[in-house]
There are 2 protein chains.
Amino acid sequence: MRKEYEVLDDFLHSKGLRHTHQRKKIVDIFLSTEKHVSLDDLFKLVHKEDRTIGYTTVYRTMRLLTDCGLSNEIDFGDGVSRFEHKFGHEHHDHLVCMKCGRFIEVVKQKIEDLQGRLAKEHGFLPTAHRLHIFGICKRCQSRGASSKG
Amino acid sequence: MRKEYEVLDDFLHSKGLRHTHQRKKIVDIFLSTEKHVSLDDLFKLVHKEDRTIGYTTVYRTMRLLTDCGLSNEIDFGDGVSRFEHKFGHEHHDHLVCMKCGRFIEVVKQKIEDLQGRLAKEHGFLPTAHRLHIFGICKRCQSRGASSKG
DNA sequence: ATATAAATGAAAAGCATTTTCAATAAAAGA
DNA sequence: TCTTTTATTGAAAATGCTTTTCATTTATAT
């Protein structure tokens, strides 16, 4: 678990950007957080540890991480961007539960392959894709009607 | 091409809602518009024909159409909701060109099937899904670097 | 140490979406 | 047709997240 910092270092260096203790702390917390955090989530986590770090800095740091490829920005269509870091889990799709809001990460290689083929059939050169399947998760099904956790 | 109005009529009726000339005009324009319009797009189209219809009414009408299933709200992650009407083309995925912004509607039954299976494998009860493949379209590939249309 | 340019944080601005509210108008009944 | 009831409308304001501004601070190079 050192590579992630190197990636950021290289990126900062190559762009003439600087190391700051704020960035270090934000990155530490982000990388140690399992997964999909909104800016607000992350700001709260950071704020708990360091009251002097502002929302704006978290925002800018996340953009930095996204730009250098350490973070992935995801959008479930609820008007809030979420971020997930890219270590351990490479590409994956999401099963999003409409009841409890939780999501499961999944991959099915055959689907990946077919997507590539589908793109090719249309002369399309794919660079990325996003698949969200919405529904009700196992837990919420067995719990019947309501619930929120 | 009469069924779409019936759907709306039924919906309005079942909910005790009313027919208004504003709704009629907005629905007419929306249904005659081939495809993916933002609220702003649609408002402009409506405004051209009737200066008295406000943005809010367009907004509310589109929510109505989405609720009664005539319209599909789509989100390409650029912070703007778009709407497409559901006649002619049922469910489909999107190939989104990152260069010219155009999108192609596609379906591959095998992918659909595999998605269902994938969900099932996780005890997940799927209700909808969204697949966007991002990349460069045929046209933009052959045109080389720049371009916007 | 000093200079210089990036980074920070608070506050303000942007922007699409959503709500508020007084005025208007559709549907139903008299 | 006239009234009544209640949904609808449109302008403006509010929301909520994201992004920018700007004066100040601070990391690096000299």
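Residue numbering restarts at 1 for every chain, and letters A, B, ... go by the order of the sequence lines. Since the model is a prediction, treat every value here as computed from it, not as a measurement.
Among residues at least two apart or in separate chains, ring pair (Phe, Tyr, Trp, His ring centres under 6.0 Å) pairs with a member in residues 113-143 of chain A are A:Phe76-A:His132, A:His91-A:His129, A:His94-A:His132.
A:Thr66 and A:Glu73 share no side-chain donor-acceptor pair at under 3.5 Å.
Between the B:Gln141 side chain and the A:Gly123 main chain, a donor and an acceptor come within less than 3.5 Å of each other. Remark: the backbone N or O of B:Arg18 is paired with a side-chain donor or acceptor of B:Arg23 at under 3.5 angstrom.
Residues A:Leu65 and A:Val27 meet the side-chain proximity criterion, which asks for heavy atoms closer than 4.5 Å.
Considering only side-chain atoms of B:Thr56, the nucleotide from C:dT8, C:dA10, C:dT19 that sits closest is C:dT19.
Backbone-only engagement by B:Ser81 is indicated by non-hydrogen atom pairs under 4.0 Å involving sugar-phosphate atoms exclusively.
Between A:Tyr55 and the phosphate of C:dA10, there is no side-chain N or O to OP1/OP2 separation shorter than 4.0 Å. The phosphate of D:dT18 (OP1 or OP2) has no side-chain N or O of A:Tyr59 nearer than 4.0 angstrom. For A:Arg23, a side-chain nitrogen or oxygen approaches OP1 or OP2 of C:dT8 to under 4.0 Å.
With rounding to whole Å, B:Ile53 atom CD1 is found 11 Å from D:dA11 atom P. Rounded to a whole Å, the CZ atom of B:Arg82 is 11 Å from the P atom of C:dA16.
Near DNA chain D, defined here as any heavy-atom distance below 4.0 Å, the residues from residues 60-67 of chain A are A:Arg60, A:Arg63, listed numerically.
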Tabulate atom names and distances for all N/O pairs under 3.5 angstrom spanning the protein and nucleotides 24-28 of chain D.
from	atom 1	to	atom 2	distance (Å)
D:dA27	O3'	A:His19	O	3.0
D:dA27	N3	A:Arg18	NH1	3.0
D:dT28	OP1	A:His19	N	3.1

